[in-house]
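Structure first, commentary second.
Residue numbering restarts at 1 for every chain, and letters A, B, ... go by the order of the sequence lines.
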Protein chains: 2
Amino acid sequence: MSLTADRGKVEAADRPTLYKQIRHDIETSILTGEWPPGHRIPFEHQLMARYGCSRMTVSKALSELAQADLIERRRRAGSFVRRPQHLSAVLKISDMRAEITALGRSYGYQLFRCVRRAATSADCARLGVRKTGKVVAIACRHSADNVPFAIEDRLIDLDSVPEATTADFAVEPPGSWLLHHVPWTEAEHTISAVVADERTAAALGVAIGAPCLVIDRYTWRSARTLTAVRLHYPGDTHRLVARFKGG
Amino acid sequence: MSLTADRGKVEAADRPTLYKQIRHDIETSILTGEWPPGHRIPFEHQLMARYGCSRMTVSKALSELAQADLIERRRRAGSFVRRPQHLSAVLKISDMRAEITALGRSYGYQLFRCVRRAATSADCARLGVRKTGKVVAIACRHSADNVPFAIEDRLIDLDSVPEATTADFAVEPPGSWLLHHVPWTEAEHTISAVVADERTAAALGVAIGAPCLVIDRYTWRSARTLTAVRLHYPGDTHRLVARFKGG
DNA sequence: TTGACAGATATGTCTAGACATATAATCGTG
DNA sequence: CACGATTATATGTCTAGACATATCTGTCAA
């Protein structure tokens, strides 16, 4: 954060736009530790002078940094580098096909079971709904280069997702189908570890007692549960990677 | 998304600001599924007319939605609801004390080992650095209500974090110390499952062969690795919860 | 000492324009 | 019909102001 203005207005072609430059400069100063948490960022009018631009431009840069939780803005006081409270990592879970093909491996899919039926009380409990409607229960396996990659055990609420009544899950995996047919949802993931029981071990091709990573995911939209899924991964080979960012 | 303008300019006191209102209205239309992925959002000039405001105000609302990856803006074409490509969940990992006390349980900490020494080649490999410097190797255990909660095995690069040379990790857990003394970092988490070996089982108070959730975290700042930590949790009792959001 | 009140000040929101730029759509030509 | 050039259009960035609002600071009186 030591460069002065020199915008040049004429040959401002290749450089990113000015507000992005400002944003980037400040971000760099924070991320390198030059400006520690609590440090006050230069006032808007100082940045205006330094970059030779209007207040709106500076403000746009600062607003984006605030939206990204990198800084905190306080009226009359100024803007400050935020103190990271926790390590928050963004865990990106693509659908299985994308995840496997991204690794450069061939994707395989096998449907074990797909039953459409009236919801049992166990189903209702799992979906967190009260009234009994119709559901689809699906069990399937994903493989990478013909080696079992994960097994999936899923329940879809047909009252919330009526289109799933006619979908053919023998052809398209339910996760992928849902991702492409059901718009914008919220989800909660629970990650735990178990050892493989007999059924799981057989389906995953591992020994009984081998470690498995388990992900339970509930997906809903506006307070309606759409689907509940449990995924088992062989724990010694699979890794969930979550990158970025202190905050 | 059906209200018309009626800003009233005079009594615009209690309502949130206009751009937030616009942002919220659009967000709601997307999240309820009313506007599915691919749907084109009204043009800026239409929103200007609907809300009776200037283009900058509309633009600010749309820019924030774009920054949050909820919409995609394309010149000449308009703005569109984004298709969720993956389920991305934000995994918040507080330091251990905060995590345990947040559960309403009493926090306990026990230091097993804390050695400051020149880095071995194994240390360098783990930290991903080439040259050999000094490191701290720490092994400790966190407990909740006197029951083992997690064991921690950590390496800190003293060249990158010289303040750690004098820190007393018998008093303060290293994770908590780092969070409060080392500003703004980036991190990569790898989550996997293993079965407890003899040493781990003894430290965690579980049976040999019991499932364990393992989190490996590398933390760095501007390409310098600061610390590498491996955490073992008893897999059948501990759960990592990641909430939110489709995208 | 304390509390109420009046500035001072930095950010928060907003306007009515401007020009730049990417690209969808159209038109013309071979 | 295919393809390249042109045009129209929606967004991208930016300005030079404006008034609102939260909050820190200092002053003056009870």
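- Computed from coordinates, the B/L18 CG to C/dT13 P distance equals 11 Å when rounded to whole Å.
- Rounded to an integer number of Å, the gap from B/Y51 OH to C/dC14 C1' is 16 Å.
- Close to D/dC14, at under 4.0 Å from its OP1 or OP2, lies no side-chain N or O of A/S54.
- As rounded to whole Å, 12 Å separates atom C1' of D/dT13 from atom CD1 of A/I22.
- With rounding to the nearest 0.5 Å, the separation of OG in B/S54 from CE in B/M48 is 6.5 Å.
- Taking atom NE2 on A/H45 and atom C1' on C/dT11, their separation rounds to 11 Å, with Å as the unit.
- Between A/F80 atom CZ and D/dC24 atom P there is a gap of 9 Å when expressed in whole angstrom units.
- Of the candidate nucleotides C/dG12, C/dT13, D/dT11, D/dT11 has the atom nearest to the side chain of B/R73.
- Applying the 4.0 Å criterion to OP1 and OP2 of D/dT13, one finds that A/K20 has a side-chain N or O inside that range.
- An OP1 or OP2 oxygen of D/dG12 is reached within less than 4.0 angstrom by no side-chain nitrogen or oxygen of A/T17.
- Taking atom CD on A/E44 and atom P on C/dA10, their separation rounds to 10 Å, with Å as the unit.
- Ring planes of A/Y233 and A/F149: perpendicular class, angle over 60° (limits at 30 and 60°).
- Taking the side-chain hydrogen bond (donor to acceptor under 3.5 Å, both in side chains) definition, one finds that A/E72 meets it with nothing, sequence neighbours left out.
- Residues that satisfy the side-chain hydrogen bond (donor to acceptor under 3.5 Å, both in side chains) test with B/R97, not counting sequence neighbours, are absent from this structure.
- Near-neighbour residues of DNA chain D inside residues 57-66 of chain A, defined by a heavy atom below 4.0 Å, number-ordered: A/T57, A/K60.
- Atom CD of residue B/Q21 and atom CD1 of residue B/I26 lie 10.5 Å apart, to the nearest 0.5 angstrom.
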Measure all distances between protein nitrogen or oxygen atoms and nitrogen or oxygen atoms of nucleotides 23-28 of chain C, and list the pairs falling under 3.5 Å.
unit_1: C/dA24; atom_1: N3; unit_2: B/R76; atom_2: NH1; d: 3.0

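- To the nearest 0.5 angstrom, B/T190 atom OG1 is 9.0 Å from B/R230 atom CZ.
- Between the side chains of A/R116 and A/T165, no donor N or O sits under 3.5 Å from an acceptor N or O.
- Here the straight-line distance linking atom CZ of B/F80 with atom CD1 of B/I30 works out to 12.5 Å at 0.5 Å rounding.
- Between B/H142 and B/Y109, the ring-plane angle classifies as tilted under the 30° and 60° cut-offs.
- Regarding A/I41, its CD1 atom lies at a distance of 10 Å from the P atom of C/dT11, rounded to whole Å.
- Environment of NE2 in A/H39: crowded, with over 12 heavy atoms of neighbouring residues, nucleotides or ligands closer than 6.0 Å.
- Distance, A/Q67 CD to C/dG12 P: 13 Å, rounded to whole Å.
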Under-3.5 Å N/O pairs linking protein and nucleotides 17-19 of chain D:
unit_1: D/dA18; atom_1: N6; unit_2: A/R55; atom_2: NH1; d: 3.4

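- B/T166 is linked by a side-chain hydrogen bond (donor to acceptor under 3.5 Å, both in side chains) to nothing, counting only residues two or more places apart in sequence or in another chain.
- With salt bridges taken as basic N to acidic carboxylate O contacts below 4.0 Å, one links B/R73 and B/E44.
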